[in-house]
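Each remark here refers to the structure printed beneath this line.
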Amino acid sequence: MDESVNKTLNFIEDIIEEDIRNGKHGGRVHTRFPPEPNGYLHIGHAKSICLNFGLALKYKGKTNLRFDDTNPVTEETEYVESIKQDIQWLGFSWEDREFYASDYFEQLFQFAVQLIKKGKAYVDDLSAEEIAKYKKSPTEAGLESPFRNRNIEENLDLFFKMRDGKFQEGEKVLRAKIDMGSPNMHMRDPILYRILYKPHHRTGTEWCIYPMYDFAHGQSDSIEGITHSICTLEFENHRPLYNWCIENLGIFPSQQIEFARLNLSYTVMSKRKLLQLVRENYVEGWDDPRMPTLCGLRRRGYTPEAIRHFTNLVGIARRDNVIDLALLEFAVREDLNKRATRVMAIFDPLKVILTNYENQIEQLEIENNPEDPEAGKRLVPFGKVLYIEQEDFMENPVDKYFRLTKDGMVRLKGAYIVKCEEIIKDNNGKVIELHCSYIQNSKSGQDQSGLKPKATIHWVEESNAINAELRLYDRLFTVPDPDDQELDFKAFINKDSLVKIKAAKVEPFLKSTKPGNFYQFIRKAYFATDLDSTSENLIFNRTVNLKDSWQKTQDK
RNA sequence: UGACCCAUGGUGUAACGGUAGCACUAGUGAUUUUGGUUCAUUCAGUUAAGGUUCGAAUCCUUAUGGGUCAACCA
């Protein structure tokens, strides 16, 4: 798929090309993707991953993977592995540059010492509550801590004692000495280090003081020689502090550039809310196919190509945005249309008996994908007893209904034209069986009948049909903006976001399918074989419906 | 009520002082052994008011609307 959708440059590419023209950093481009290992990656992260790795690819630069692991309370190795797997699955490589902010703890400590020596940082004895109180509010200047003017020797002594575990958690912090009157709250003597007696997933119990984000991120960028440090808009107010640290330490000047994060309609994206959905069992796990997580989308049947294509389509800018879920669906349809093998599956079987057909099985050759001649053909068994969809027959057809009706004709895909002769009903009047005749000389590819039925429908031969479970997934929320409602977002969960069809009939070709394989179930939807699927118990997840202009006209 | 940021069709994104374009969505038609695909086509936009300029979506001012910031989270 052609992923270079944008012929024009986005604003970050503008900056980079300008930097290259000016010979900044020798024209070098080096980005990084800096996840915190405290959760699973979602489609929003995919935007950032594609941006960072994509920029490096485009400008012949490099991208580091760096885990931003400065908070031992929430971070775990389990997440590190899933994050790495997801990035690789998306199709990007950080080569040998897998880094951790925790790799730099000693260096960061020395940076802090440097600041103290310059009189730019101090140890504060105020409690968390007091510090918050002293900071005041954005509209009101803050107050300086009584400990702000400790001398350098005392600060140094105290800071080393903090490191040596001489104090309790919360007893002391290291703060930058900047400006308590700044209109930017982040510049009101931000906390640089806090005491935490918590084992770290990589450094164990080596440290009992940990740097804050603002004292770790920019320096990590600088240490790695990152030229363009791309983050989301909410870090915009941190930029003066990012630059302050780099300037006062006199280290490599990485440049922070912010862009607007991805929001998707009918979806929530915050880690907190996704965690809630999992914890409170609204979904079956982080990889539930309804989740916007990469593992969820993968299980749903989304391909890396589709996701990369999607991130190209959404663009990069600085204004808040909500992307229509339809665009994500468009991206996956466009990819799958070209690549998915077409097969036949009956969701809601209606038995059809071909009264004039021999009691035999005929193997018909049917194309695997009309969009791809290379995809070849497969043999599909045909016989006297078949299943078609209940919805493909109407005794009293509505206007413009092209499918099978009493005395009407349709073509069976890749097979013959059939004519409905007789309807069998149960005691409730429900149609349970159709007796049809087939037109002998109407065989697909060698049709001599001259008949032109208006519709072609899919079917499955009864004796060779295999049972399968179909999981029909739909959007998780009933409103486009669940985040932006009076009520809690969970009040808008779509009760029908998963409908399981236990007894679908599929053609025998699918017997040997493997988890992750994807198909188009003709005239219905794209499906992917679920992780839990076995040849004895086939399970398919609906990725996305086919467009359905008939359904649309019916809905009106 | 402070600082910073943002504002182009329903959605997203271009136009870098000189013809407002592209994609999605929605509509219509053609093609089609998938009511799919493909193709053609239609609807629809510069937040407002001033100013600078021969000329403003673009520059300036003000207003309006929206976002971010007051974790020892990232």
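What's counted below: heavy atoms across the whole structure, side chains too, no hydrogens, waters or symmetry copies. To find a chain, count down the sequence lines: A is the first, B the second, and so on, and within it residues start at 1.
Looking at heavy-atom distances under 4.0 Å, Thr70(A) makes contact with sugar-phosphate atoms alone, never a base. If you check every strand for non-hydrogen atoms under 4.0 Å, Val173(A) touches a base. When heavy atoms are screened at a 4.0 angstrom cut-off, Arg342(A) is found touching base atoms of the nucleic acid. Lys454(A) comes within contact range of no nucleotide atom at all, as no heavy-atom separation falls under 4.0 Å. In this structure, His458(A) reaches neither bases nor backbone, as no heavy-atom distance under 4.0 Å exists between it and the strands shown. Ala128(A) comes within 4.0 angstrom of a nucleotide base, judged by non-hydrogen atoms across all strands. Heavy atoms of Ile323(A) sit under 4.0 angstrom from primed sugar atoms or phosphate atoms, though from no base atom. Residue contacts for Tyr401(A): at a heavy-atom cut-off of 4.0 Å it reaches a base atom on one of the strands shown. Contact annotation for Ser137(A): base contact, defined as any heavy-atom pair under 4.0 Å involving a base atom. At the heavy-atom level, Ile316(A) lies under 4.0 Å from the strands shown only through sugar-phosphate atoms. If you check every strand for non-hydrogen atoms under 4.0 Å, Tyr210(A) touches nothing. Within 4.0 Å (heavy atoms only), Leu126(A) reaches at least one base atom of the nucleic acid. Among the atoms of the strands shown, only primed sugar atoms or phosphate atoms (P, OP1, OP2) are found under 4.0 Å from some heavy atom of Val322(A). Residue contacts shown for Gly142(A) are absent, as no nucleic acid heavy atom lies under 4.0 Å away.
Comparing the same atom, P, in rU47(B) and in rU42(B) gives a spacing of 25 Å after rounding to whole Å. Between rG17(B) and rG12(B), the distance separating the two C1' atoms is 26 Å to the nearest Å. To the nearest whole angstrom, the two C1' atoms, one in rC16(B) and one in rC24(B), are 26 Å apart. Rounded to a whole angstrom, the distance from the C1' atom of rA15(B) to that of rU8(B) is 10 Å. Comparing the P positions of rC22(B) and rG35(B) gives an interatomic distance of 31 Å, to the nearest angstrom. Remark: the separation of the P atoms in rU25(B) and rU19(B) is 29 Å, to the nearest Å. Using P as the reference atom, rA44(B) and rG65(B) are 29 Å apart when rounded to the nearest Å. Only the P atoms considered, rG45(B) is 30 Å distant from rU62(B), to the nearest whole Å.
Set against rC73(B), rG27(B), rU33(B), the side chain of Arg411(A) has rU33(B) as its closest nucleotide. The side chain of Glu36(A) approaches rA74(B) more closely than any other nucleotide in the set rA74(B), rU11(B), rC72(B). Relative to the side chain of Phe402(A), the nucleotides rG12(B), rU33(B), rG35(B) differ in distance, and rG35(B) lies closest. Side chain of Tyr213(A), nearest nucleotide from rG12(B), rC5(B), rA74(B): rA74(B). With rU37(B), rA74(B), rC69(B) as the choices, the nucleotide that has an atom nearest any side-chain atom of Asn337(A) turns out to be rU37(B). Candidate nucleotides rC69(B), rA74(B), rC6(B) were compared by shortest atom distance to the side chain of His238(A), and rA74(B) ranks first. Closest to the side chain of Met185(A), out of rC69(B), rC72(B), rU25(B), is rC69(B). The side chain of Phe330(A) approaches rC24(B) more closely than any other nucleotide in the set rC24(B), rG35(B), rG12(B). The side chain of Ala317(A) approaches rU13(B) more closely than any other nucleotide in the set rU13(B), rU34(B), rC72(B). Between rA14(B), rA3(B), rC72(B), one nucleotide has an atom nearer to the side chain of Met212(A) than all others, and that is rC72(B).
For rG35(B), its base sits under 3.5 Å from the side chain of Arg403(A) at one donor and acceptor pair at least. Between the side chain of His186(A) and the base of rA3(B) there is no donor-acceptor pair of N/O atoms closer than 3.5 Å. On a pure distance criterion of 3.5 Å, a polar donor-acceptor pair joins the side chain of Gln520(A) and the base of rU34(B). A donor-acceptor contact under 3.5 angstrom links the side-chain atoms of Arg319(A) to the base of rU8(B). Side-chain N/O atoms of Ser444(A) and base N/O atoms of rU33(B) include a donor-acceptor pair closer than 3.5 Å.
For the 3.5 Å distance criterion, the side chains of Tyr40(A) and Glu78(A) qualify, holding a donor opposite an acceptor. Looking at His186(A) and Asp214(A), their side chains never bring a donor and an acceptor atom within 3.5 Å of each other. No hydrogens or angles considered: a donor-acceptor pair under 3.5 Å links the side chains of Ser229(A) and Arg32(A).
For Thr8(A), no side-chain nitrogen or oxygen approaches OP1 or OP2 of rU13(B) to under 4.0 Å. Using a 4.0 Å cut-off, no side-chain N or O of Lys271(A) falls inside it from OP1 or OP2 of rA74(B). For rG27(B), one of the phosphate oxygens OP1 or OP2 lies less than 4.0 angstrom from a side-chain nitrogen or oxygen of Lys552(A). Contact annotation: Thr139(A) side-chain N/O to rA70(B) OP1/OP2 distance is not under 4.0 Å.
Annotation: cation-pi pair Arg66(A)/Phe99(A) absent, no NZ/CZ under 6.0 Å from the ring centroid and within 45° of its normal. Stacking of Lys161(A) on the aromatic ring of Phe167(A) is not recorded, the 6.0 Å distance cut-off and the 45° axial limit not both being met. For the pair Lys524(A) and Phe347(A), the cation-pi criterion (under 6.0 Å, within 45° of the ring axis) is fulfilled. In this structure, Arg202(A) satisfies the cation-pi test against Tyr100(A), with its NZ or CZ atom closer than 6.0 Å to the six-membered ring centre and inside 45 degrees of the ring normal. Taking the ring centre of Tyr519(A) as origin, the terminal cationic atom of Arg342(A) falls outside the region bounded by 6.0 Å and 45° from the ring axis. Note that Arg175(A) lies outside the cation-pi zone of Tyr122(A), set by a 6.0 Å cut-off to the ring centre and a 45° limit from the axis.
From Tyr416(A), atom OH reaches atom CG of Leu364(A) across 6.0 Å, with rounding to the nearest 0.5 Å.
Within a 6.0 Å radius of CZ in Arg261(A), other residues, nucleotides and ligands contribute 12 heavy atoms or fewer.
Judged by ring centres under 5.5 Å apart and planes tilted less than 30 degrees, Trp550(A) stacks against the six-membered base ring of rG35(B).
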Strand RNA chain B as a dot-bracket string - pairs counted if Watson-Crick or G-U with both distances under 3.5 Å, | where the partner lies in another strand: .((((((..((((....[..)))).(((((.......)))))....(((((..]....))))))))))).....
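Here the rule is side chain to side chain contact (heavy atoms under 4.5 Å, CB included) with Phe382(A), and of Val460(A), Leu354(A), Ile366(A) only Leu354(A) fits it.
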Between protein and nucleotides 62-67 of chain B, what N or O pairs are separated by less than 3.5 Å?
| from | atom 1 | to | atom 2 | distance (Å) |
| --- | --- | --- | --- | --- |
| rG67(B) | O4' | Asp320(A) | OD2 | 3.4 |
| rG67(B) | O2' | Asp320(A) | OD2 | 3.2 |

Full working for ring-ring contact (aromatic ring centres under 6.0 Å, His included) between Phe159(A) and Phe109(A): CA-CA 10 Å; Phe159(A) 188 49; Phe109(A) 181 83; 4.8 Å; yes
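Side-chain atoms of Ser182(A) never come within 3.5 Å of backbone atoms of Asp179(A) as a donor-acceptor pair (strictly under, hydrogens ignored).
Comparing Asp324(A) and Pro370(A), the nucleotide of RNA chain B nearest to each residue sits closer to the 5' end for Asp324(A).
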